[in-house]
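Read through the structure below, which is laid out as structure tokens, and then see the notes.
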Amino acid sequence: MRLVVFGANGPTGRQVTEQATADGHTVTAVTRHPDAFPPGRPRLRIEEADVLDGTAVERVVAGHDAVISTLGVPYGREPVTVYSTGLTHITRAMTRHGVRRLVCVSSTILFDVPAPGEGVFFRKVLEPFFARVVGRTVYDDMRRMEDIVRASGHDWTVLRPAGLFDTGGVSDYRLAPDRLPGRFTSRADLAHALVREAVADGHARTFLDVRTTEGTPRLIDLIRREAFGG
């Protein structure tokens with residue numbers, strides 16, 4: 001298939017482009033900084049565009065079979081609009097060019113149910129602290145993005161991973177339309193699920209949790225990295 005990947009220069013986006021081209025798909029990697037993107041893979045084209053620029057988005061979406069969005073921004077206090085504005089431009093471009101399949105990323109927090117199998121401290125203190133304080137602006141915009149995607153009329157799937165971490169390869173991860181137990185999702189597993197969903201339509205118009213069950217990091221390491229940049 002012909003896939004276009006937004007957020008391609010991020011850690012998950014690079015995994016997506018690598019796995020998709022290895023599977024034989026033709027990939028357009030969209031980034032604001034094409035010089036920083038590793039070149040040289042077969043079936044890979046690198047395009048410079050800002051997802052906040054609707055005209056540029058329309059240009060790169062044309063001619064593709066499916067769109068994958070791995071847009072992401074770090075936690076911060078300033079209002080976030082990248083997710084909602086970006087997906088507004090992407091869905092409009094898809095409508096204009098007749099592209100139906102869209103797969104994108106938000107967060108397991110947006111299931112709005114308690115984390116299954118977790119104790120009171122995680123459910124009542126730790127996760128609400130990240131959702132409502134540290135990451136509030138990010139999750140607020142993710143919700144706006146999900147509303148835009150849901151109303152778009154396209155064949156969309158939203159993957160809602162947990163805390164992201166890096167591994168050397170894809171594992172036997174779990175995928176479900178409800179929140180799964182566990183605290184982590186590897187970027188390799190998330191990328192694999194994104195590509196798999198983009199080339200099929202078995203979970204169209206569905207929110208999916210994707211969860212890694214082996215080789216996960218310690219919770220304290222995730223807290224240190226996300227909250228304190230360590």
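It should be emphasised that the depicted structure is a prediction, and the values quoted were computed from it without experimental measurement.
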Charged N to carboxylate O under 4.0 angstrom, D155 versus R101? no
Is there a donor-acceptor contact under 3.5 Å from the side chain of H154 to the main chain of T91? yes
Test: R150 and D147 ion pair at under 4.0 Å: yes
E146 backbone acceptor or donor facing Y83 side chain under 3.5 Å: no
Donor-acceptor contact below 3.5 Å, side chain H192 vs main chain L190: no
Taking the inter-plane angle between the rings of W156 and F207 on a 0 to 90° scale, is it parallel (under 30°), tilted (30 to 60°) or perpendicular (over 60°)? tilted
Side-chain touch P181/R174, heavy atoms, less than 4.5 angstrom: yes
Residue pair M142 / I109, side-chain heavy-atom distance below 4.5 Å: no
Salt bridge or not for D141 and R144, using N-O below 4.0 Å? yes
Does the cation-pi check pass for R14 over F37, that is, NZ or CZ under 6.0 Å from the six-membered ring centre and within 45° of its axis? yes
Using a strict threshold of under 4.0 Å (side-chain N to carboxylate O), is an ion pair present between D209 and R179? no
Just by modelled atom types, is the L52 backbone N or O under 3.5 Å from a matching donor or acceptor in the D50 side chain? yes
When you measure from the side chain of T185 to the backbone N and O of L164, does any donor-acceptor pair fall under 3.5 Å? no
Hey, are R32 and D53 close enough for a salt bridge, meaning a charged N less than 4.0 Å from a carboxylate O? no
Rounded distance [0.5 Å steps], CD1 in I68 versus OG1 in T28: 11.0 Å
Measure the NE2-CD1 distance between H33 and I46 for me, rounded to the nearest 0.5 Å. 13.5 Å
Where does the angle between the aromatic ring planes of F130 and Y75 fall among parallel (under 30°), tilted (30 to 60°) and perpendicular (over 60°)? tilted
Any idea which heavy atoms bring M145 and S106 closest together, and the distance? CE-CB, 3.9 Å
